[in-house]
Amino acid sequence: MKVYINGKFYEKNDAKISVFDHGLLYGDGVFEGIRSYNRLVFKLKEHIDRLFESAHTIMLEIPQSKQELIKAVLLTLKENNLKDAYIRLIVTRGEGDLGLDPRKCKGKATVITIADKVVLYPEKFYKEGLQIITVPTIRNLPEALNPQIKSLNYLNNILAKIEAVNVGVDEAIMLDFLGYVAECTGDNIFIVKQNHLYTPPQCMGTLRGITRDTVLEIARKSKIPVHEHVLTRHEVYISDECFLTGTAAEIIPVVKVDGRMIGSGKPGKLTLSLMKKFKELTKKEGVKY
Ligand code: PXG
């Protein structure tokens, strides 16, 4: 495997950055997770735009232009001869000293692109649905660390993941600071009630996921009424269908939440139809390499 670091390719074992990099010392940096399907990179522009937005807010100057980063992603995929891949784009503050002051990082930001194969969940869960729970750790407050910033500081979500894994569950619902459903640790959440689609609004401690936006777009085109609306756990429990969305997970049905069966306990009709439409879209849309 070849890894791109600051304009050069390195073999996996030689792909190294400094222990003084503030990405490691403080989680000071931003990232994106991107997917390609059959040599087409899905929603590449949207991911690059979001990376630059995250960087803008944390005042991190990305040394390459958007076009150059797009090139780096495509080149990494070609170098690794990957047809279907998961691409991790990472930009850290770069090498500094042991103080957290970003001004101590005198050089340029570190830009890393890794491309690999990924299977997040076994096929069984896509067919039978996932069981999830609500965990005690809440999503970051927007005024503390805004969830819109895809920063290298994912401890908030990792704590929630640990709480789920501790009781033998693979994914967790995180509530926002008011106790409403925000999202899962690496996925957005949707419910279906009487053929209407609901998902929490992005302002309440929820990442505006690119897969989330794609699903909303597909639903609107299919004339399914969609609502970006605050959701309580009760509304999730009594929903007809529930599913999660994310670049890595794509669309995955949920059949049990906090021990409550969702709908019939099987992946719902609308969920299955959105999964199918999403798959079709990934086959025809994207940047070729
Ligand atoms: N919510 C959170 C908190 C995320 O981190 C999503 C939703 C889905 O967004 P997209 O744009 O992908 O539809 C994410 C992003 C991984 C991994 O390796 C995945 C994400 C984040 C961190 C790691 O599985 N997903």
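Read the numbers this way: they start at 1 and go in the same order the structure lists the ligands and their atoms. Values reported hereafter were calculated over all heavy atoms of this structure, with side chains retained and with hydrogens, waters and symmetry mates removed.
- Of the N and O atoms on the side chains of Tyr180 and Thr232, not one donor lies less than 3.5 Å from an acceptor on the other residue.
- Cation-pi geometry between Arg35 and Phe42 is not met at under 6.0 angstrom from the ring centre and within 45 degrees of the axis.
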Test side-chain hydrogen bond (donor to acceptor under 3.5 Å, both in side chains) on Glu241 and Thr271; report intermediate values, then the result. CA-CA 7 Å; Glu241 302 179 27; Thr271 306; 2.6 Å; yes
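- Between Phe243 and Ile189 the shortest side-chain heavy-atom distance does not fall below 4.5 Å.
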Between ligand 1 and the protein, tabulate every N or O atom pair separated by less than 3.5 Å, reporting distance only.
unit_1, atom_1, unit_2, atom_2, d
ligand 1, 1 (N), Glu183, OE1, 2.6
ligand 1, 5 (O), Lys150, NZ, 3.3
ligand 1, 5 (O), Tyr154, OH, 2.4
ligand 1, 11 (O), Arg50, NH1, 2.9
ligand 1, 11 (O), Arg50, NH2, 2.9
ligand 1, 11 (O), Ile210, N, 2.7
ligand 1, 12 (O), Thr247, N, 2.9
ligand 1, 12 (O), Thr247, OG1, 2.5
ligand 1, 13 (O), Ile210, N, 3.3
ligand 1, 13 (O), Thr211, N, 2.9
ligand 1, 13 (O), Thr211, OG1, 2.6
ligand 1, 18 (O), Tyr86, OH, 3.4
ligand 1, 18 (O), Arg88, NH2, 2.8
ligand 1, 25 (N), Gly186, O, 3.1

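- Closest approach of Ile173 and Val181 over heavy atoms only: CG2-CG1, 3.8 Å.
- Here the straight-line distance linking atom OG1 of Thr247 with atom CZ of Arg88 works out to 10.0 Å at 0.5 Å rounding.
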